[in-house]
Visitor: 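Just dropping this structure here.
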Amino acid sequence: MEKFDRSYLEMASVWARNSYCKRRQVGALLVRDRMIISDGYNGTPSGFENICEDENGVTKPYVLHAEANAITKVAKSGNSSQGSTLYVTASPCLECAKLIIQSGIRRVVYRDEYRITDGIDLLRRAGVEVEQVEDE
């Protein structure tokens, strides 16, 4: 574990509170050379209503995950995520894992393990360093 891992995860937790989602609030930070180059939290795309769940409490299919928001935000800025570390409050799903691999992120640090581990398994298979850091 690197010296700042807990601090960045804590910051991602704070960032998660910006999410309008009721079922689960997830936050993500992209860090390279100890600089935060992007951030994200789960929510609806820009211009949509800030309601993540339907009337039955089911997450709407177009809700973006925190990782996807952080990755697309850094891409939009013209910056590069190559060689960066992603700090995320929940382990990435399979779809986000694909984005992480393709965007050149070399390391993922997460707090909460999701019941489905497909994303983590794929990241490891691709050679991305993955580490869970639990709350103290």
Side-chain angles (χ1 to χ4, degrees):
M1 180 168 46
E2 293 182 12
K3 181 180 177 184
F4 294 98
D5 285 351
R6 281 194 195 283
S7 298
Y8 285 127
L9 263 182
E10 230 173 276
M11 291 166 75
S13 297
V14 170
W15 204 244
R17 294 185 213 139
N18 290 317
S19 172
Y20 289 92
C21 297
K22 289 180 173 70
R23 285 185 66 211
R24 173 178 283 136
Q25 294 182 315
V26 180
L29 289 181
L30 256 178
V31 177
R32 190 178 59 233
D33 301 325
R34 292 219 310 258
M35 282 190 324
I36 297 168
I37 58 170
S38 190
D39 52 55
Y41 51 85
N42 56 327
T44 55
S46 301
F48 281 65
E49 75 293 340
N50 287 321
I51 301 167
C52 298
E53 295 85 10
D54 64 19
E55 57 280 346
N56 300 318
V58 177
T59 302
K60 293 176 181 177
Y62 52 85
V63 167
L64 287 153
H65 289 185
E67 305 93 316
N69 266 326
I71 290 167
T72 54
K73 191 173 179 180
V74 77
K76 200 174 180 180
S77 75
N79 211 330
S80 171
S81 52
Q82 189 72 41
S84 64
T85 297
L86 177 72
Y87 293 89
V88 62
T89 57
S91 59
C93 71
L94 189 61
E95 290 304 310
C96 287
K98 292 189 275 187
L99 292 174
I100 290 165
I101 293 163
Q102 287 300 95
S103 62
I105 294 167
R106 69 168 178 79
R107 185 167 177 259
V108 174
V109 179
Y110 67 95
R111 187 187 62 208
D112 304 328
E113 183 96 77
Y114 189 61
R115 59 185 166 79
I116 301 166
T117 62
D118 295 7
I120 295 297
D121 298 341
L122 185 66
L123 289 171
R124 286 197 172 112
R125 185 173 158 203
V128 175
E129 190 184 327
V130 178
E131 192 171 346
Q132 181 178 17
V133 176
E134 297 180 52
D135 284 334
E136 290 181 310

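This chain uses plain numbering: 1 for the first residue, then up along the sequence. Here the structure is a predicted model, which means the values were calculated and not measured.
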Visitor: Determine whether Tyr114 and Val109 fall in the same hydrophobic cluster, where Ile, Leu, Val, Met, Phe, Trp and Tyr are linked whenever their side-chain heavy atoms lie under 4.5 Å apart.
Guide: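 Each belongs to a different hydrophobic cluster.
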
Visitor: Between atom OG of Ser81 and atom CZ of Arg106, what is the distance when rounded to the nearest 0.5 Å?
Guide: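 Reported value, rounded in 0.5 Å steps: 12.5 Å.
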
Visitor: Please go through Trp15's hydrophobic cluster and name the other residues, only I, L, V, M, F, W, Y counting, with side-chain heavy atoms under 4.5 Å joining them.
Guide: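 Reading the cluster by chain and number, Trp15 sits alongside Tyr41.
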
Visitor: Could you tell me the separation between the CG atom of Asp39 and the NZ atom of Lys73, rounded to the nearest 0.5 Å?
Guide: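 It comes to 3.5 Å.
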
Visitor: Test your reading of the model: is there a side-chain donor-acceptor pair from Glu67 to the backbone of Ile100, 3.5 Å cut-off?
Guide: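 Looks like no, no N/O pair under 3.5 Å.
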
Visitor: Treating Ile, Leu, Val, Met, Phe, Trp and Tyr as nodes and any side-chain heavy-atom pair under 4.5 angstrom as an edge, say whether Phe4 and Val108 lie in one connected cluster.
Guide: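 Different clusters.
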
Visitor: Would you please test Asn42 and Cys52 for side chain to side chain contact (heavy atoms under 4.5 Å, CB included) and show each step?
Guide: CA-CA 9 Å; Asn42 56 327; Cys52 298; 5.7 Å; no

Visitor: Decide yes or no on side chain to side chain contact (heavy atoms under 4.5 Å, CB included) for Leu123 and Ile101, but give the supporting numbers first.
Guide: CA-CA 7 Å; Leu123 289 171; Ile101 293 163; 3.9 Å; yes

Visitor: When you group the ILVMFWY residues by side-chain heavy-atom contacts below 4.5 Å and let the links chain together, are Val31 and Met11 in the same group?
Guide: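 Met11 clusters together with Val31.
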
Visitor: Please examine the side chains of Tyr62 and Pro45, heavy atoms only from C-beta on, and report whether any two atoms are closer than 4.5 Å.
Guide: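 Result yes, sub-4.5 Å side-chain heavy-atom pair found.
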
Visitor: Restricting to non-hydrogen atoms, name the atom on Ala16 and the atom on Gly27 that form the minimum distance, rounded to 0.1 Å.
Guide: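 Distance-wise, the nearest heavy atoms are CB-N, 3.3 Å.
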
Visitor: Applying the side chain to side chain contact (heavy atoms under 4.5 Å, CB included) criterion to Ile105, which one of Leu99, Ile71, Val74 satisfies it?
Guide: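 Answer to the side chain to side chain contact (heavy atoms under 4.5 Å, CB included) test with Ile105 among Leu99, Ile71, Val74: Ile71.
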
Visitor: I'd like to know if the side chain of Asp54 and the backbone of Asn56 have a donor-acceptor N/O pair within less than 3.5 Å.
Guide: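 Confirmed, Asp54 side chain pairs with Asn56 backbone.
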
Visitor: Please name the residue in the list Val130, Ile120, Val26 that meets the side chain to side chain contact (heavy atoms under 4.5 Å, CB included) test with Pro92.
Guide: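 Filter result, single survivor: Ile120.
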
Visitor: Within this structure, what is the CG-CZ distance for the pair Asp118 and Arg125, rounded to the nearest 0.5 Å?
Guide: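 Between Asp118 CG and Arg125 CZ, I get 11.5 Å after rounding to 0.5 Å.
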
Visitor: How close do Ala68 and Cys96 get, counting heavy atoms only, and between which atoms?
Guide: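 That would be N-SG, 4.2 Å.
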
Visitor: Hey, are Arg24 and Asp112 close enough for a salt bridge, meaning a charged N less than 4.0 Å from a carboxylate O?
Guide: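 A salt bridge is absent here (no side-chain N lies under 4.0 Å from a carboxylate O).
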
Visitor: Do Leu64 and Leu94 belong together in a cluster built from hydrophobic side chains that touch within less than 4.5 Å?
Guide: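 No: no chain of side-chain contacts under 4.5 Å links Leu64 to Leu94.
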
Visitor: Check the pair Tyr8 / Arg34 against side chain to side chain contact (heavy atoms under 4.5 Å, CB included), numbers first and verdict last.
Guide: CA-CA 10 Å; Tyr8 285 127; Arg34 292 219 310 258; 3.9 Å; yes

Visitor: Using modelled atom types only, decide if a donor and an acceptor are shared between the side chain of Lys60 and the backbone of Ile51 within a distance under 3.5 Å.
Guide: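 Present.
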
Visitor: When you compare the side chain of Glu113 with that of Gln132, does any pair of heavy atoms fall below 4.5 Å?
Guide: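 Yes, their side chains come closer than 4.5 Å.
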
Visitor: For the residue pair Ala97 and Gly119, what are the closest heavy atoms and their distance?
Guide: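 Scanning both residues, the minimum pair turns out to be CB-O, 3.4 Å.
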
Visitor: I'd like to check Asn79 versus Ser38 (side-chain heavy atoms, cut-off strictly below 4.5 Å). Are they in contact?
Guide: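 The answer is no; the side chains never approach within 4.5 Å.
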
Visitor: Mind running side chain to side chain contact (heavy atoms under 4.5 Å, CB included) on Glu53 and Arg23 for me, showing each step along the way?
Guide: CA-CA 8 Å; Glu53 295 85 10; Arg23 285 185 66 211; 3.7 Å; yes

Visitor: Kindly compute the distance separating CG (Asn50) from CG (Asn18), expressed to the nearest 0.5 Å.
Guide: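 Rounded to the nearest 0.5 Å, the CG-CG separation comes out at 11.0 Å.
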
Visitor: Specify the closest pair of heavy atoms between Ser19 and Gln25, including all atoms of both residues, with the distance to one decimal.
Guide: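 Nearest pair, atom of Ser19 first, then Gln25: O-NE2, 2.7 Å.
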
Visitor: Of Val128, Asp5, Leu86, which is the lone residue that meets side chain to side chain contact (heavy atoms under 4.5 Å, CB included) with Arg107?
Guide: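 In the set Val128, Asp5, Leu86, the residue that makes a side chain to side chain contact (heavy atoms under 4.5 Å, CB included) with Arg107 is Asp5.
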
Visitor: Do Leu9 and Ile36 belong together in a cluster built from hydrophobic side chains that touch within less than 4.5 Å?
Guide: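 Yes, Leu9 connects to Ile36 through the hydrophobic network.
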
